[in-house]
Amino acid sequence: MDEVTGAQLIAEALKAQNVEYMFGIVGVPIIEVAMAAQAAGIKYVGMRNEQAACYAASTIGYLTGRPAVCLVVSGPGLIHALGGMANANMNCWPVIVIGGSSDRNQETTGAFQEFPQVEACRLYSKFSARPSSLQMIPAVIEKAVRSSIYGRPGACYVDIAGDMVNAKIDRASVRFVSCCPAAPVSQADSREVTKAVKLLKTARRPLIIIGKGAAYARAEREVRELVEVTGLPFLPTPMGKGVLPDDHPNCVAAARSRALLQADVVVLLGARLNWILHFGFSPRFSPHVKVIQVDLCAEELSNNVRAASALMGDIRAVVSQLLESLKSESWRFPSDAEWWATLKEKMVANAHMSKTLALHSTVPMNYYTAFHHISELLPKDCIIVSEGANTMDIGRTMLLNYLPRHRLDAGTFGTMGVGPGFAIAAAVLEQAQQSSQRVVCVEGDSAFGFSGMEVETMCRYKLPIIIIVINNNGIYSGVDPDTWREMEKMGDMTTIAPPVTLLPEARYEQVMTAFGGCGYLVRTVEELRSALQESLKNAQMPSLLNVLIDPASDRKQQEFPWLTRSNL
Ligand code: ADP
Ligand code: MG
């Protein structure tokens with residue numbers, strides 16, 4: 001009899017589904033699952049918190065289109081991972097969470113770390129199940145992998161009872177399932193395509209919005225052709241950045257507010273009209289805007305704004321349909337249209353304002369100065385991970401992306417603490433592909449704190465990630481060291497210190513040196529430039545630049561001061 005354990009069945013089933021990466025933290029009862037995964041040829045990355053492990057696993061899903069696994073122990077281990085599952089599900093990123101749970105004969109007895117895990121995961125996933133027997137493991141794993149990438153991508157959960165891990169059965173009794181094919185691709189209804197083309201042809205101020213759905217769909221070639229054949233202006237969402245390069249002549253990101261406000265027809269490619277796009281509502285959009293909406297999720301169509309043309313289907317397929325129709329009519333939006341003049345005028349004015357702020361050479365630096373110099377030195381092909389409030393908002397406008405899927409940030413859920421996990425996953429992929437592209441993680445000091453211990457993971461696997469902490473001593477803003485000391489003299493800090501403050505001039509770079517990476521304390525432009533240049537040369541180990549900026553530094557005046565926090 002050829003016997004096989006539950007752990008082996010999980011590992012082999014994952015391998016059969018082309019799952020290549022597993023991130024997790026082992027313990028009872030899933031140590032053997034991680035070991036079996038390695039034996040089956042799956043790369044295992046041990047992390048320091050399940051939340052970060054889940055952020056990392058979901059990043060692999062977004063970047064490659066094939067889900068990775070987040071492996072966690074029962075009870076608290078699984079509960080820590082829920083944050084990562086929620087983030088993945090909100091972002092529409094595929095991920096498989098596998099949680100060990102109590103032995104089946106101990107259920108409802110108050111067993112060690114017992115928790116209703118399958119139920120707990122339902123709110124955070126699109127599929128949550130426990131195989132009823134060892135024989136069923138491969139079928140449930142296949143269903144989880146398939147569900148994570150078919151339809152709107154998302155998180156899936158598979159529960160493994162502790163006693164199933166080391167139990168053995170005869171291989172011949174197992175229901176093996178072959179690798180699930182790539183997600184089916186559908187085209188839009190041709191009548192809706194005709195409507196869309198008609199709308200575009202009559203538009204006076206058309207705009208294409210490129211979302212992270214287009215990045216996930218790998219639609220860069222089709223979207224570029226659409227932009228270049230039609231001559232339309234486009235605007236990327238935060239993670240839609242890079243589908244087409246930020247310096248593309250048709251990119252109107254520098255005139256974002258005006259483009260959104262005045263557009264009469266919007267082609268929405270893989271982006272939801274949620275808070276990131278101000279719901280498509282007035283006063284950020286024209287109340288008369290007509291939306292040509294492309295999405296593979298039927299339930300998404302007409303959310304908040306009734307779609308004038310609802311193109312349900314895969315972005316690559318639907319954009320090809322649009323192109324075919326537009327090309328047959330040789331239609332092109334005139335480059336001398338009034339709309340282009342309006343947008344360009346605003347772009348020049350905004351660029352001028354940013355430049356003035358960037359060249360403000362005081363110590364401590366402001367955000368704009370720091371980002372100006374960082375952007376001058378970053379290689380064009382680097383993967384930029386970013387989180388924080390002002391750090392992420394200002395960084396998004398100043399750090400350009402030139403390649404698709406090269407920006408990872410707090411995303412749809414606005415999650416803080418994602419940076420290190422995202423960066424680790426991206427760097428592990430780069431390492432496996434022996435690529436020289438660097439991963440640069442630009443973090444607010446508060447954001448860095450959520451998952452800071454993952455620096456040890458980076459050092460352990462020698463992942464040459466560059467973390468830049470933009471340190472303003474607090475959440476949104478902090479206080480300077482002198483003010484802090486004055487406050488300490490006044491009495492009990494729990495009643496005095498503003499809730500937004502963090503320890504002034506905290507030495508975050510020493511977290512990196514503690515594990516053998518390189519740390520830099522940066523106050524001036526010269527120090528910033530030399531530390532970043534040195535870090536870029538060092539492809540052996542991670543680096544952390546602790547950039548002390550002015551705690552009073554803020555964003556430039558916004559046209560719409562409401563709804564500005566981390567959403568513009
Ligand atoms: P952003 O944050 O960039 O605005 P969202 O995450 O809100 O983007 O929206 C992405 C949208 O893309 C989701 O509604 C999702 O259903 C859709 N989507 C994902 N993959 C595809 C695809 N291959 N084809 C069409 N739509 C897709
Ligand atoms: Mg801060």
Side-chain angles (χ1 to χ4, degrees), residues 61-62 65 87-94 126 149-154 182-188 209-219 222-223 235-243 268-280 293-301 303-304 311-320 367 387-394 396 404-405 407-414 416 442-450 469-479 500-504 506 508 546-554 566-567:
Y62 174 61
N87 186 70
N89 225 33
M90 294 286 178
N91 272 347
C92 313
W93 290 2
K126 50 188 296 209
I149 53 178
Y150 278 32
R152 173 180 268 173
V185 171
S186 58
Q187 289 192 323
I209 297 180
I210 305 173
K212 67 176 174 300
Y216 177 77
R218 302 183 167 258
E222 291 79 3
V223 174
L235 191 68
T237 65
M239 279 195 259
K241 267 162 67 76
V243 170
L268 195 60
L269 301 177
R272 283 167 281 184
L273 288 176
N274 56 15
W275 65 278
I276 292 187
L277 286 170
H278 322 286
F279 318 104
Q293 189 175 9
V294 183
D295 206 296
L296 50 59
C297 175
E299 291 90 333
E300 189 55 43
L301 299 168
N303 269 343
N304 296 333
L311 300 167
M312 189 181 82
D314 174 68
I315 296 173
R316 291 176 67 177
V318 175
V319 170
S320 300
Y367 284 104
E387 58 174 335
N390 282 335
T391 298
M392 184 170 74
D393 291 341
I394 303 169
R396 180 169 58 247
R405 297 169 296 283
R407 178 181 168 89
L408 300 161
D409 67 24
T412 307
F413 212 22
M416 293 299 140
V442 185
E443 304 264 310
D445 53 331
S446 163
F448 176 68
F450 287 84
V469 176
I470 304 291
N471 186 354
N472 69 346
N473 309 338
I475 305 167
Y476 303 129
S477 62
V479 297
V500 291
T501 50
L502 295 168
L503 185 73
Y508 296 109
N546 181 11
V547 184
L548 304 180
I549 65 158
D550 182 355
S553 174
D554 205 351
S566 62
N567 62 351

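Atoms within each ligand, like the ligands themselves, are counted from 1 in listed order. The structure displayed is predicted, hence computed values, not measured ones.
At a 4.0 Å heavy-atom cut-off, ligand 1 touches Thr237 through the side chain alone. The part of Arg152 lying near ligand 1 is the side chain, judged by heavy-atom distances below 4.0 Å. The side chain of Thr412, and not its backbone, has at least one atom closer than 4.0 Å to an atom of ligand 1 (non-hydrogen atoms only; side chain from C-beta on).
Below 3.5 Å of separation, one finds an N or O of Leu296 facing an N or O of ligand 1. At least one N or O atom of Asp314, backbone or side chain, sits closer than 3.5 Å to an N or O atom of ligand 1.
Near Cys297, meaning under 4.0 Å from any of its heavy atoms, are these atoms of ligand 1: 16 (O).
Of the possible polar contacts, one joining the Asn473 side chain to the Val479 backbone as a donor-acceptor pair under 3.5 Å is found.
With Lys212 as the partner, the side-chain hydrogen bond (donor to acceptor under 3.5 Å, both in side chains) test is satisfied by one option alone out of Thr237, Asp409, Thr412: Thr412.
If you look at the Mg ion (ligand 2), the protein N, O or S atoms less than 2.8 Å from it are Asp445 OD1, Asn472 OD1, Gly474 O.
In this structure Tyr216 satisfies the ring-ring contact (aromatic ring centres under 6.0 Å, His included) test with no other residue, sequence neighbours excluded.
In this structure the side chain of Met312 reaches within 4.5 angstrom of the side chain of Leu301, judged on heavy atoms.
Heavy-atom separations between Gly313 and ligand 1 include at least one value shorter than 4.0 Å. For Met239, the closest heavy-atom approach to ligand 1 does not fall below 4.0 Å.
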